[in-house]
Amino acid sequence: MARPLRLLAELSVLPLLLRAVRRPGRLAVAGVAVCAVAELGRRRAGGRSVCPASTVLWAPVWVLERSVCVWAAVAVRSRGGVSYAGSRLHTAGYTRAELRRRLRSRPPVPLPLPLKDTDSRRATDHR
């Protein structure tokens, strides 16, 4: 909910997949496209040294899981939020604009001054 454009994109995946089930060719093309994007992401910033090439094959499964979970989150939100410790959490996160607004309205936190080391001055002072 805090990132509405991402939410809409993730919500759109499941209906698109349900439509594509009737056409296996489109489903295969979508799977290959997701794997290609995952491979580009793996190659970015040295990901090849951390993740083996076979991990990109899990990308379609992750996209499906993400879409199902987003729909579940919307359903829970529509019922008033997540039940937690006898009450309901209505907000899971805030937009970046909201976080910036909240940070601007807070007074700055004073930084501690460095402590002066008086012992080291005494050791080098030969008066």
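In what follows, residues are counted from 1 in the order of the sequence shown.
Grouping the Ile, Leu, Val, Met, Phe, Trp and Tyr side chains by contacts below 4.5 angstrom, directly or via other members, places Val74 with Leu14. Criterion: ILVMFWY side-chain heavy atoms under 4.5 Å apart, direct or through other members. Under it, Val34 and Leu16 are not part of a common hydrophobic cluster. Note: the hydrophobic cluster containing Trp58 does not contain Leu40 (ILVMFWY, side chain heavy atoms under 4.5 Å, direct or indirect links). Two different hydrophobic clusters hold Val29 and Trp62 under the rule that ILVMFWY side chains link at heavy-atom gaps under 4.5 Å. Residues Val68 and Val63 share a single hydrophobic cluster, defined by chaining ILVMFWY side chains whose heavy atoms lie under 4.5 Å apart.
Atoms CZ and CZ, on Arg66 and Arg6 in that order, are 5.5 Å from each other to the nearest 0.5 Å. To the nearest 0.5 Å, the span separating CG on Leu8 from CZ on Arg3 amounts to 12.5 Å. Atoms CG and CD, from Leu5 and Glu10 in turn, are 11.0 Å apart once rounded to the nearest 0.5 Å.
The side-chain heavy atoms of Leu64 and Val13, taken from C-beta on, include no pair separated by under 4.5 Å. Side-chain contact check for Trp71 versus Pro15: some heavy-atom pair is nearer than 4.5 Å. Residues Cys51 and Arg42 have side chains in contact (heavy-atom distance under 4.5 Å, counting atoms from C-beta outward). Within the 4.5 Å cutoff, the side chain of Leu99 has no heavy atoms near those of the Thr95 side chain.
Heavy atoms only, all atoms of each residue included: Val21 and Leu27 are closest at CA-CD2, 4.5 Å. Between Ser83 and Arg88, the closest heavy-atom pair is N-NH1, 3.6 Å. Shown here for Val56 and Ala38, the closest heavy-atom pair between the two residues is CG1-C, 3.8 Å. Taking every heavy atom of both residues into account, Ser49 and Gly46 meet most closely at OG-O, 2.8 Å. The minimum heavy-atom distance linking Ala9 with Ser12 is given by the pair O-OG, 2.6 Å.
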Should Arg106 and Arg102 be marked as a side chain to side chain contact (heavy atoms under 4.5 Å, CB included) after you check the CA-CA gap, both sets of side-chain angles, and the distance that decides it?
CA-CA 7 Å; Arg106 294 172 110 187; Arg102 287 176 178 223; 5.7 Å; no

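Listed for the Ser67 side chain is no donor-acceptor partner under 3.5 Å among the backbone atoms of Leu11.
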